[in-house]
Amino acid sequence: MRAASRYLITSCALAGLVSSTVADTWGPAFSLGPTKGAVIGTTTTFIPGNPPADAETGLYLWIGVSNGTSGLIQSGVDQDADNSYCGATATEWCLSASYFGVGGQFDGPYVAVSGNTEIGISYMLSGQTWTQTVTVAGKVVSTLTSEDGPLIEGGWGTGTECQQNCKGTASIQKYLNSVIYLSEPDESFLNTLGVGEGVEYTPMETTDGGQTWTIASITLPVYTAPPGNDN
Ligand SMILES: *[C@@H]1O[C@H](CO)[C@@H](O)[C@H](O)[C@H]1NC(C)=O
């Protein structure tokens with residue numbers, strides 16, 4: 001259902017997300033990159049908040065990692081006017097692992113979740129293979145693999161993607177206990193941070209000289225799409 005509905009973000013675009021179509025707008029983001037070495041993994045807990053009561057196609061909330069030439073690894077939640085494909089009610093999201101690359105959009109299995117669900121998201125690299133693992137209450141609900149290898153000069157960022165008739169979000173979004181794993185220490189990764197208006201966050205921390213970064217809390221504000229977004 002998410003197929004072809006999402007767009008690749010490049011490492012430079014992570015700081016100010018650029019869209020491919022006029023009717024595609026973006027909520028305020030928290031984004032990092034490019035790193036000096038490579039992004040090789042991340043874990044976070046995502047709480048999407050309640051979806052808009054009047055569902056319109058489509059709203060897509062995700063945490064992304066990519067570099068300028070890779071695909072985009074982007075597990076997260078979707079709301080379209082009809083979310084019955086995942087069995088969601090009007091007050092639920094469709095949740096899945098997801099990847100956008102040269103072959104198009106690929107999604108892992110979908111499940112329906114409510115807005116206050118604590119969604120565990122992990123992207124781990126082994127060899128050239130990235131594995132996305134999405135969990136709810138410790139149970140794996142969706143997985144997906146892709147083959148981009150270490151994301152050299154890669155970035156990490158939140159996506160609040162609002163397409164076609166989307167009017168925006170109805171709730172704040174939270175990312176808790178985010179951890180970003182780099183291939184080598186990069187103390188200056190901190191300085192690549194780009195933060196949209198109204199985004200609140202705790203300071204980025206590292207205890208190993210900049211190879212592993214943690215962010216205890218990121219809160220994205222409610223986003224209202226600008227007029228003209230076909231809405
Ligand atoms: C992105 O990472 C891939 C895989 O390691 C690498 O081949 C490619 O050169 C990187 N792209 C950029 C722009 O650094």
Side-chain angles (χ1 to χ4, degrees), residues 2-21 24-44 46 60-76 96-108 120-134 142-161 175 178-196 199 201 204 206 208-215 218:
R2 201 180 297 165
S5 65
R6 291 180 170 183
Y7 296 93
L8 183 64
I9 49 175
T10 64
S11 53
C12 66
L14 275 165
L17 293 164
V18 174
S19 64
S20 304
T21 66
D24 193 12
T25 70
W26 299 85
F30 178 105
S31 52
L32 288 158
T35 183
K36 282 182 185 161
V39 175
I40 57 168
T42 189
T43 58
T44 190
F46 177 44
Y60 312 104
L61 313 179
W62 40 265
I63 189 70
V65 298
S66 67
N67 74 6
T69 53
S70 72
L72 173 64
I73 296 167
Q74 50 170 181
S75 292
S96 77
S98 190
Y99 175 78
F100 183 78
V102 286
Q105 192 84 45
F106 300 90
D107 300 317
I121 296 174
S122 158
Y123 307 155
M124 288 298 164
L125 178 68
S126 176
Q128 293 296 110
T129 305
W130 283 88
T131 300
Q132 300 181 47
T133 306
V134 181
S142 191
T143 63
L144 190 65
T145 60
S146 50
E147 302 294 328
D148 281 302
L151 296 172
I152 299 160
E153 298 185 5
W156 184 98
T158 65
T160 298
E161 184 176 353
Y175 288 91
S178 301
V179 184
I180 305 165
Y181 300 95
L182 304 179
S183 60
E184 59 188 70
D186 180 5
E187 292 274 17
S188 63
F189 195 47
L190 185 66
N191 303 328
T192 68
L193 177 60
V195 181
V199 176
Y201 59 98
M204 287 175 63
T206 181
D208 59 6
Q211 186 158 0
T212 309
W213 290 92
T214 61
I215 309 141
I218 300 167

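Atoms within each ligand, like the ligands themselves, are counted from 1 in listed order. The shown structure was predicted, so the numbers you read here are calculated from the model rather than taken from an experiment.
For ligand 1, the polar-atom distance check finds no N/O of L151 at less than 3.5 Å from any of the ligand's N/O atoms. In terms of N/O distances under 3.5 Å, ligand 1 is approached by P150.
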### Task
Please lay out, stage by stage, how F189 and T206 fare under the test side chain to side chain contact (heavy atoms under 4.5 Å, CB included).
CA-CA 10 Å; F189 195 47; T206 181; over 6 Å; no
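Close approach of ligand 1 to T69 is summarised as follows: ligand atoms under 4.0 Å from at least one heavy atom of the residue are 1 (C), 8 (C), 10 (C), 11 (N), 12 (C), 13 (C). Every atom of ligand 1 is numbered from 1 in the order shown, and the set under 4.0 Å from a heavy atom of N67 is 1 (C), 2 (O), 3 (C), 8 (C), 10 (C), 11 (N), 12 (C), 14 (O). Those atoms of ligand 1 with a heavy atom of D148 less than 4.0 angstrom away are 3 (C), 4 (C), 5 (O).
Residues T35 and E184 have side chains not in contact (no heavy-atom distance under 4.5 Å, counting atoms from C-beta outward). Taking 4.5 Å as the limit, some side-chain heavy atom of W130 sits within range of a side-chain heavy atom of D148.
Using 4.0 Å as the threshold, S70 has no heavy atom nearer than that to any atom of ligand 1.
Judged by distance alone, the side chain of S142 and the main-chain N or O of S96 form no donor-acceptor pair under 3.5 Å.
With sequence neighbours left out, T42 forms a side chain to side chain donor-acceptor pair (under 3.5 Å) with W156.
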